[in-house]
Amino acid sequence: MKESVTGIEYLRSLSKQFPTIAAASTEIINLQSILSLPKGTEHFLTDIHGEYEQFNHVMRNGSGAVRRKIDEEFGNTISEHDKRSLATLIYYPHEKLELIQENEEFLEDWYRITLHRLVQMTKRASSKYTRSKVRKALPTDFAYVIEELITEKEEVEDKEEYYNEIINTIINIGSAPELIVALSHLIQRMVVDHLHIVGDIYDRGKGPHIIMDTLSKHPSLDIQWGNHDIVWMGAAAGHLACIATVIRMSARYGNLDTLEEGYGINLIPLVTFAMKTYAGVDCSAFAIKYNDDYDTRDLEMDVRVHKAISILQFKLEGQVIKRHPEFGMDDRLLLDKIDYEKKTVTVYGKEYPMRDCDFPTVDPEDPYNMTAEEALVMKRLASAFKHSEKLQKHVKFLYSKGSLYKTFNSNLLYHGCVPMDENGNFSEVEIYGKKYCGKALYDILESYARKGYYSVDKIDKIKGMDMIWYIWAGPNSPVFGKDRMTTFERYFIEDPATHKETKNAYYRLNDDENVINGILKEFGLDTERSHIVNGHVPVELKKGETPIKCGGKLLIIDGGFSKAYQSKTGIAGYTLVFNSHGMNLVAHEPFESKESAIVNETDIISDTINVETVSGGRLRVNDTDIGVELRAQIEGLKELLDAYRNGILVEKE
């Protein structure tokens with residue numbers, strides 16, 4: 001047996017981990033057996049937009065996976081009421097336990113029955129995993145007890161008595177509530193093996209920081225950045241136009257608390273400036289869109305902040321556009337197209353009356369220049385964003401777990417689109433002197449997005465930050481996917497024709513199999529068995545639109561997680577579940593509240609649509625990307641065995 005130097009070095013390294021024939025053989029047996037296990041369940045969510053209560057519920061119920069496991073395990077042996085109660089307990093164990101402890105007359109009996117049921121559920125939820133993987137997921141405090149309860153004991157003659165004694169002891173020593181919580185969380189963890197977030201964690205809802213806290217604790221996930229995530233990433237890097245955009249959107253939807261309380265960002269310099277500079281100024285075009293929980297005492301202040309930061313955004317965006325004529329965004333330079341005497345603005349050669357042109361800080365001769373006060377406010381805001389410990393932690397998590405796209409188990413995941421022309425040809429986009437399209441465009445944009453946050457070179461960092469802003473709003477950005485962002489027109493021009501944002505041709509061609517196959521090939525995927533999963537554009541079910549495109553090859557799973565879109569879509573979001581049996585799209589009704597879910601045991605009503613069923617049995621780990629890695633490890637271990645047996649390497653004691 002002759003090995004290359006590289007091969008020998010690899011085998012020597014491997015031999016440190018597996019120093020004997022027996023150790024290498026055992027690992028081969030272990031890995032080979034893992035390949036035969038059913039594929040783990042993947043859960044896809046997108047366009048969460050800060051709606052943390054609905055997000056948390058869908059995470060807890062696994063888009064119905066927990067309830068399906070309950071039905072599979074108990075069938076008709078327990079009542080529908082008991083099934084709902086058990087599901088609610090698994091979703092919200094702390095809160096449900098408090099209610100039970102207050103109202104249950106025979107609490108010990110309830111503990112006994114519930115623990116037995118949770119143990120059965122834990123066995124079922126963990127059945128497709130190795131004992132080693134389950135052991136790693138066990139909560140430290142109850143690891144030994146849970147392993148005893150869910151593991152068959154062949155050597156014990158009366159198993160039922162053995163398990164009953166464990167549960168009785170747990171109840172007698174007062175540990176039942178803690179074990180119930182631990183088992184419930186473990187079941188939630190085991191019903192979903194891997195989580196995909198296909199963009200837009202941030203935007204209108206009040207709880208993106210709560211969602212990010214939840215995600216940062218998840219053991220196995222990836223994130224594809226959406227346009228709203230990107231603009232927050234740019235803000236965290238210190239890009240002024242991104243900072244102004246984030247604050248403007250927070251002000252517009254009555255969510256400044258997210259910045260101040262959620263992230264500890266000091267907005268007092270901006271508030272002070274707005275209250276002084278915009279006192280007596282017409283702010284009627286800057287009404288706040290708020291929910292029932294909004295404190296209307298802040299309304300006047302928020303309206304002025306809204307206008308002040310909007311004008312700053314238009315100035316700062318103008319500066320970026322003028323720095324980068326290659327962005328092709330000169331049509332977004334509108335502050336210099338205003339006629340203050342006539343109170344009109346010229347857009348695409350046509351003059352329109354303006355609702356408002358009372359801009360105390362805009363110099364008509366140099367409209368994109370900030371006043372000294374504005375510049376000082378932005379400097380302080382940039383410092384606040386860059387020094388927000390929680391925001392920086394969350395954005396670093398987005399970078400570490402995220403990317404603009406991902407290929408995973410024959411699926412291509414991205415938030416928006418692959419920019420193309422009406423003939424289905426990938427659009428070429430100039431990025432700092434070179435042209436890119438398709439996968440290469442995604443790669444170069446991601447490269448600059450990372451430089452914009454991490455680079456220590458000042459020039460590279462500025463170029464990267466400007467590119468982050470382009471990814472947010474640029475006409476050929478794959479995560480924006482429209483020809484323009486008409487924010488200015490929506491504020492100031494009545495005519496709805498000026499508000500139109502035309503979607504990229506991708507959205508008109510996404511039922512064309514040649515186009516979709518071309519995208520899959522571009523990203524190196526098999527056109528026969530692969531899918532594209534993306535969100536970004538809400539699917540209007542009310543109008544008869546379908547999330548399933550191109551015979552199931554493309555799945556658009558934005559159905560209105562955000563409450564703001566639900567009247568338009570007719571539902572409250574799609575999620576996707578891909579397990580060993582196939583792929584199912586889940587359409588959710590609006591979530592009432594966490595309180596209702598706990599007290600009334602209401603779940604989200606969801607309809608499951610089968611997208612694809614595996615033919616010829618279940619998918620196994622062998623059929624996945626992990627399977628590819630495991631087979632490579634097995635081959636390396638077999639070579640190590642050969643090296644031991646042929647005397648090339650010597651076993652160690």
Side-chain angles (χ1 to χ4, degrees), residues 35 39-40 42 44 46 194-199 220-226 399-421 423-429 431 434-450 471 476-479 481 504-507 509-536 548-557 576 578 582-583 611-612 614 619-636:
L35 289 173
K39 169 196 172 300
E42 296 172 54
F44 301 73
T46 186
H194 188 83
L195 176 66
H196 305 282
I197 304 293
V198 195
S220 182
L221 87 163
D222 54 70
I223 299 168
Q224 292 70 58
W225 306 323
Y399 275 104
S400 67
K401 295 293 183 180
S403 54
L404 280 176
Y405 73 91
K406 188 173 185 67
T407 57
F408 193 95
N409 289 343
S410 299
N411 294 316
L412 171 60
L413 318 178
Y414 50 70
H415 180 67
C417 68
V418 178
M420 59 183 60
D421 62 23
N423 296 316
N425 301 310
F426 299 142
S427 298
E428 286 195 331
V429 182
I431 308 292
K434 289 184 69 175
K435 291 186 176 180
Y436 303 86
C437 66
K439 180 178 179 294
L441 175 62
Y442 266 96
D443 289 336
I444 193 66
L445 289 176
E446 181 172 329
S447 170
Y448 275 108
R450 293 185 183 279
I471 296 170
N476 277 304
S477 162
V479 299
N504 187 267
Y506 169 90
Y507 294 100
L509 299 172
N510 59 19
D511 243 345
D512 186 321
E513 190 168 6
N514 290 328
V515 169
I516 298 305
N517 284 345
I519 294 172
L520 291 170
K521 287 176 184 175
E522 173 74 3
F523 286 84
L525 293 175
D526 183 342
T527 59
E528 293 302 314
R529 63 189 189 95
S530 301
H531 308 83
I532 297 171
V533 181
N534 75 272
H536 186 50
I548 303 173
K549 307 288 185 182
C550 198
K553 285 192 173 185
L554 171 65
L555 303 164
I556 299 178
I557 60 170
L576 186 68
F578 181 27
M583 191 173 274
V611 176
E612 189 172 276
V614 176
L619 286 172
R620 304 287 169 179
V621 173
N622 189 52
D623 304 310
T624 68
D625 291 349
I626 292 173
V628 173
E629 295 175 13
L630 295 182
R631 290 197 299 274
Q633 290 176 36
I634 289 169
E635 288 306 309

Under 3.5 Å donor-acceptor, Ser410 side chain and Ser530 backbone: no
Among side-chain atoms of Asn622 and Lys39, is any donor-acceptor pair under 3.5 angstrom? no
Any side-chain donor near an acceptor of the partner, Asp222 and His194, under 3.5 Å: yes
Minimum heavy-atom distance between Cys417 and Gly481, given as atom pair plus value: SG-CA, 3.8 Å
Asp512 side chain to Leu509 backbone, donor-acceptor under 3.5 Å: no
Using the rule given for side chain to side chain contact (heavy atoms under 4.5 Å, CB included), can you reason through Leu555 versus Ile532, listing the C-alpha separation, both sets of side-chain angles and the distance that settles it, and then say yes or no? CA-CA 6 Å; Leu555 303 164; Ile532 297 171; over 6 Å; no
Would you please say whether a donor-acceptor pair under 3.5 Å links the side chains of Asp443 and Tyr436? no
Evaluate the side-chain proximity of Asn504 to Val418: yes if any heavy-atom separation is below 4.5 Å, no if none is. no
Run the numbers on Ile223 and His196 for side chain to side chain contact (heavy atoms under 4.5 Å, CB included), then give the verdict. CA-CA 6 Å; Ile223 299 168; His196 305 282; over 6 Å; no
Scanning both residues in full, the closest heavy-atom pair of His415 with Thr46 reads ND1-OG1, 3.9 Å
Is the side chain of His531 donor-acceptor paired with the backbone N or O of Asn411 at a distance under 3.5 Å, no angle test? no
Any idea how Phe523 and Tyr414 line up, ring-wise: parallel (<30°), tilted (30 to 60°), or perpendicular (>60°)? tilted
Answer yes or no: is there a donor N or O on one side and an acceptor on the other, between the side chain of Thr624 and the main chain of Gly627, under 3.5 Å? yes
Ignoring hydrogens and geometry beyond distance, is a side-chain donor-acceptor pair present between Asn534 and Tyr506 at under 3.5 Å? yes
Would you say Asp421's side chain and Asn425's backbone share a donor-acceptor pair under 3.5 angstrom? yes
Donor-acceptor contact present, side-chain Glu522 to main-chain Lys439, <3.5 Å: yes
Is the distance between the ring centroids of Tyr399 and Trp225 less than 6.0 Å? yes
Contact summary for Asp625 and Thr407, nearest pair of heavy atoms: OD2-O, 4.1 Å
Verify the neighbour count for atom CD1 of Ile626: are there more than 12 heavy atoms of other residues, nucleotides or ligands below 6.0 Å? no
Check this for me, if you would: do Arg450 and Glu446 make a salt bridge, where the nitrogen-to-carboxylate-oxygen distance has to be below 4.0 angstrom? yes
Does Lys549 count as lying over the ring of Tyr507, i.e. NZ or CZ under 6.0 Å from the six-ring centre, within 45 degrees of the axis? no
Do the non-hydrogen side-chain atoms of Ile197 and Leu195 ever get within less than 4.5 Å of each other? yes
Heavy-atom closest pair (Ile471 atom, Leu445 atom, distance to 0.1 Å) is CD1-O, 3.7 Å
How far apart are the closest heavy atoms of Lys553 and Thr527, and which atoms are they? NZ-O, 2.9 Å
